[in-house]
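Keep in mind that this is a model prediction, so the values were computed, not measured. All chains are named by letter (A, B, ...) in the order of the sequence lines, taking the proteins before the strands, and each is independently numbered beginning at 1.
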Amino acid sequence: MDAPAASALHDAVLDWYDDHARDLPWRGVAATPWSVMVSEFMLQQTPVARVLPVHAAWLERWPTPADLAAESTGEAVRMWGRLGYPRRALRLHAAAVAIVERHGGAVPTWYADLLALPGVGDYTASAIASFAYGQRHVVLDTNVRRVLARAVSGVEFPAPAVTRAERDVATSLLPDAPATAATWAVATMELGALVCTARQPSCDTCPIAELCAWRAAGFPAYDGPPRRGQAWAGTDRQCRGRIMALARDQSSVSTAQVEQAWPEREQRERCLPGLVADGLLTQITPGRWSLPG
DNA sequence: AAGACGTGGGC
DNA sequence: TGCCCAAGTCT
């Protein structure tokens with residue numbers, strides 16, 4: 001994309017964001033690097049609406065990394081509630097411990113230090129550096145990837161995994177000024193979340209409809225590799241989820257309760273030790289389990 | 001590098 | 001009614 005076109009894209013998206021940005025707690029004046037970090041962990045594969053109440057409860061209870069680091073991992077898992085992927089609670093706790101040990105209790109400023117924390121990958125490190133510290137980073141999440149795939153590449157959906165070409169496009173479009181780049185990152189994410197959605201994009205209200213390559217091409221249908229959904233019924237994940245729901249809601253869980261929650265013996269006898277191995281559960285007495293103390 | 005890893009809401 | 005999707009990370 002040439003420079004004038006990129007500039008037009010920037011202006012349209014940034015102006016739109018100015019008028020339509022949601023007032024989310026991790027964006028407000030009260031937001032801290034820590035609240036941003038907590039939100040990023042919770043938002044990994046989980047919708048904003050479900051994160052909102054849990055995020056508020058976490059920040060109230062653990063206003064700083066040191067507060068969380070001083071708690072047991074089990075409490076973190078319990079407070080995680082039904083957000084899903086409870087290992088994220090474990091990793092956030094471990095990240096808080098690392099922050100206290102290696103960074104004096106302050107969320108690190110630099111991408112490389114962030115990336116070294118448990119549960120922090122390229123996206124989360126870029127997001128924290130950008131949103132919490134106003135730095136210039138390519139922030140490639142599913143929303144941004146979809147927006148760029150459509151607007152720039154003219155296809156409905158991006159490849160299953162981030163490609164070099166995709167990163168090059170995102171890099172070439174990143175505004176030079178750090179503050180503008182940071183706003184561009186949230187703004188493109190917001191556009192993907194609210195307008196350029198996966199199922200039913202609102203092209204009639206899209207600020208960049210006139211510039212969109214996918215629209216210009218007549219909205220060609222996706223023809224890439226099959227986008228695989230995840231099996232659920234009868235999987236280990238479902239079994240583990242049942243057991244964890246039990247453990248979250250009670251101080252401890254008996255073998256009988258687990259058997260009732262998941263009658264299929266072989267799978268149950270694989271998942272229970274699996275949860276213990278993952279640090280999500282501990283055996284407190286023979287035949288009795290609980291969240292880690 | 002494909003697959004594991006939770007949960008619930010919307011169409 | 002199911003199927004698809006939601007600010008990914010780790011192995």
Side-chain angles (χ1 to χ4, degrees), chain A residues 21-22 24-27 31 35-55 77 80-92 94-95 114-132 137-148 156-163 170 182 185-194 196-202 222 225-249 261-262 267 270-271 274-275 277-281:
Chain A
R22 287 169 294 180
L24 300 172
W26 43 88
R27 285 180 189 164
S35 70
V36 170
M37 178 168 165
V38 171
S39 79
E40 291 305 336
F41 269 74
M42 293 181 171
L43 288 164
Q44 292 168 1
Q45 300 284 281
T46 305
V48 168
R50 287 174 43 212
V51 164
L52 251 13
V54 184
H55 182 265
V77 172
W80 196 256
R82 303 170 168 225
L83 285 185
Y85 291 145
R87 49 180 47 179
R88 288 182 295 166
L90 248 27
R91 290 176 181 151
L92 182 49
L114 290 162
L115 190 61
L117 297 172
V120 176
D122 169 70
Y123 163 74
T124 302
S126 305
I128 296 172
S130 181
F131 305 156
H137 286 277
V138 168
V139 179
L140 268 188
D141 82 318
T142 189
N143 291 303
V144 176
R145 296 187 64 212
R146 188 175 53 250
V147 168
L148 297 184
E156 185 177 14
F157 295 114
V162 176
T163 64
V186 244
T188 46
M189 282 177 65
E190 192 78 334
L191 187 62
L194 299 181
C196 194
T197 59
R199 287 178 177 149
Q200 194 170 10
S202 312
Y222 176 76
R227 298 151 49 75
R228 19 182 1 108
Q230 299 178 328
W232 174 246
T235 61
D236 282 8
R237 280 159 65 223
Q238 185 184 30
C239 176
R240 290 163 57 105
R242 290 271 176 81
I243 297 172
M244 287 306 293
L246 240 35
R248 247 186 271 120
D249 297 339
W262 201 268
Q267 192 169 31
R270 174 172 66 246
C271 290
L275 290 168
D278 288 346
L280 254 9
L281 238 40

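- Between R248(A) and dT7(B) there is a side-chain polar atom (N or O) within less than 4.0 angstrom of OP1 or OP2.
- Residues meeting the side chain to side chain contact (heavy atoms under 4.5 Å, CB included) test with R82(A), sequence neighbours left out: R248(A).
- A close approach under 4.0 Å does not occur between any side-chain nitrogen or oxygen of R242(A) and OP1 or OP2 of dG6(B).
- Toward the 5′ end of DNA chain C lies the nearest nucleotide of P47(A), the other residue of the pair V120(A) and P47(A) mapping further downstream.
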request  = Could you go through the side chain to side chain contact (heavy atoms under 4.5 Å, CB included) check for L281(A) and I243(A) one step at a time?
outcome  = CA-CA 9 Å; L281(A) 238 40; I243(A) 297 172; 3.8 Å; yes
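- OP1 or OP2 of dG6(B) has at least one side-chain nitrogen or oxygen of R240(A) nearer than 4.0 Å.
- In this structure, M42(A) atom CE and dG6(B) atom P are separated by 16 Å, rounded to whole Å.
- No contact: D278(A) has no heavy atom under 4.0 Å from any strand.
- The side chain of Q45(A) places an N or O atom within less than 4.0 Å of a non-bridging phosphate oxygen (OP1 or OP2) of dG8(C).
- Taking the centre and axis of the six-membered ring of F157(A), the NZ or CZ atom of R146(A) falls outside the cone set by 45° and 6.0 Å.
- Taking the side chain as every heavy atom from C-beta outward, W80(A) and V54(A) never approach each other to under 4.5 Å.
- Nucleotides dG8(B) and dT9(C) place their P atoms 23 Å apart, quoted to the nearest Å.
- Residues R27(A) and E190(A) are paired through a salt bridge, judged by an N-O separation under 4.0 Å between the basic side chain and the carboxylate.
- Residue W80(A) is classed as having no contact, given no heavy-atom separation below 4.0 Å to the nucleic acid.
- Rounded to whole Å, the separation between the C1' atoms of dA7(C) and dC11(B) comes to 22 Å.
- At a cut-off of 3.5 angstrom, the base of dG8(B) holds no donor-acceptor pair with the side chain of T46(A).
- For S35(A) (side chain) and A31(A) (main-chain N/O), no donor-acceptor pair under 3.5 Å exists by modelled atom type.
- Rounded to whole Å, the separation between the C1' atoms of dA1(B) and dG8(C) comes to 16 Å.
- Separation of the C1' atoms belonging to dC5(C) and dG6(B) is 14 Å when rounded to the nearest angstrom.
- Taking D278(A) as the reference, R87(A), R240(A) meet the salt bridge (Lys or Arg N to Asp or Glu O under 4.0 Å) condition, with sequence neighbours excluded.
- Look at CZ on R87(A): it is 12 Å from P on dA4(B), rounded to the nearest Å.
- For the OP1/OP2 pair of dA6(C) and a distance below 4.0 Å, the side-chain nitrogens and oxygens of R146(A) include at least one atom meeting the criterion.
- Residues G119(A) and F131(A) both approach DNA chain C. Their nearest nucleotides, taken by heavy-atom distance, put F131(A) toward the 5′ side.
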What protein N or O atoms touch nucleotides 9-11 of chain B N or O atoms at under 3.5 angstrom, if any, and at what distances?
from, atom 1, to, atom 2, distance (Å)
dG10(B), N2, R199(A), NH2, 3.4

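- For T124(A) and dT9(C), the shortest distance from a side-chain N or O to OP1 or OP2 is below 4.0 Å.
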